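In what follows, a single structure is set out as structure tokens and then discussed.
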Amino acid sequence: MTSPAPVVLVFLDPAFPAGRLADASQPQLLATDQGATRGDGIFETMLAVGGNVRKLQAHLDRLAGSALVLDLVIPAEELWRAAIETGVTEHRATHPAPTAAEDELVVKLVATRGAEGTDSPTCWVQVSPVGAAGRRQRETGIDVILLDRGYDSDVAERAPWLLLGAKTLSYAVNMAALRHARKQGADDVIFTSSDGRVLEGPTSTVLLAHLETSDDGEGGTRTVRRLITPQLDSGILPGTSQGALFTAAKAAGWELGYGPLEPQDLLDADAVWLISSIRLLAPVNHIDGKEIGTPALQKQLTAELNALYAGIQ
Ligand SMILES: Cc1ncc(COP(=O)(O)O)c(C=O)c1O
């Protein structure tokens with residue numbers, strides 16, 4: 001039997017300015033917490049490398065944005081920062097990584113609407129090691145299937161109560177889509193809208209690269225490299241990894257584009273990735289069984305984007 005991964009929990013608690021460490025092997029939540037009974041709450045998942053949480057401000061900003069959408073009043077940013085520091089320090093002290101290359105931690109922030117009948121959110125930070133599967137998929141790439149999410153691409157604006165642009169705890173649908181993919185022999189999913197637009201993965205943002213070589217008018221050729229992601233107003237979560245990578249790629253000479261994208265654009269791309277904070281860039285090898293791009297070019301572009309991403313703090 002394998003032992004569970006070591007988890008450190010830190011609750012945000014007014015009596016503990018640096019956060020209150022709690023035993024992850026013991027019950028810590030009331031059974032009436034609306035995070036548990038209704039999935040009513042928000043979260044963030046961040047990566048700490050060598051003790052440094054990457055894109056921390058972008059995650060805290062998105063947490064604050066999700067809280068606003070859900071009318072949740074959550075503790076101030078400094079309290080989250082202090083609890084994160086406590087959790088990461090405690091995890092690295094009590095469960096040091098065997099090698100520097102493995103010193104990667106998942107840092108999850110959770111805020112629920114709190115116990116029924118109270119008006120007080122329950123907030124905590126959870127720190128645990130990065131799973132082997134995600135690390136592997138960065139190298140091997142993934143096979144993906146397209147699944148209809150059942151909403152059109154205008155629904156986010158028309159029906160804001162669906163909370164589509166917020167990172168809510170209601171991820172049962174996303175997890176069901178992943179189980180469905182695994183039953184079909186695939187690793188992951190790209191959701192499409194009912195009007196045929198490419199949206200996002202259940203836990204990731206879609207990225208594609210398109211290279212266009214043309215005559216430079218002086219007897220040579222010139223290649224325009226474009227990185228494209230679906231447009232944000234189609235009811236998808238704004239990815240902090242995609243945002244940071246776009247900034248770095250622009251500085252490195254890439255052109256940037258924002259949808260609308262259709263499935264055919266994915267099939268015609270030179271490379272497609274699912275990008276997220278923990279797994280980072282996962283190259284997509286096949287979509288619905290069709291090979292994407294060429295393995296050599298995909299490998300080269302992935303290495304280049306990984307190098308750009310490595311420079312992001
Ligand atoms: C639905 C969805 N889209 C995109 C992402 C990627 O976001 P980030 O790059 O900030 O991790 C996530 C992350 O979990 C997600 O759940």
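Numbering of ligands and ligand atoms starts at 1, following listing order. As the structure is a prediction and not an experimental result, all values here were calculated from the model.
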Ile145: which of Ile190, Asp187, Asp288 passes side chain to side chain contact (heavy atoms under 4.5 Å, CB included): Asp288
Using a 4.0 Å heavy-atom cut-off, which part of Lys55 comes near ligand 1: side chain, backbone, both, or neither? neither
How about Glu102: does its CD atom have over 12 heavy atoms from other parts shown lying under 6.0 Å from it? yes
Among Gly239, Ser204, Gly201, Pro238, closest by any non-hydrogen atom to atom 5 (C) of ligand 1: Ser204
Any nitrogen or oxygen of Arg62, main chain or side chain, under 3.5 Å from a nitrogen or oxygen of ligand 1? yes
Who are the side chain to side chain donor-acceptor pair (under 3.5 Å) partners of Gln137, not counting sequence neighbours? Arg279
Indicate yes or no: does an N/O atom of Tyr171 lie under 3.5 Å from an N/O atom of ligand 1? yes
Does the separation of the ring centres of Phe246 and Tyr258 fall below 6.0 angstrom? yes
For ligand 1, is Glu44 a contact, meaning one of its heavy atoms is under 4.0 Å away? no
Please find out if less than 6.0 Å separates the ring center of Phe11 from that of Phe16. no
Looking only at distances, can you tell me whether any N or O atom of Gln242, backbone or side chain, sits closer than 3.5 Å to an N or O atom of ligand 1? no
Apart from Val173 itself, which Ile, Leu, Val, Met, Phe, Trp or Tyr residues share its cluster (side-chain heavy atoms under 4.5 Å, direct or through members)? none
N or O contact, Thr205 vs ligand 1, cut-off under 3.5 Å: no
Counting only heavy atoms, which portion of Ala58 has something under 4.0 Å from ligand 1: side chain, backbone, both, or neither? neither
Test of proximity, Glu200 against ligand 1: N or O pairs below 3.5 Å: yes
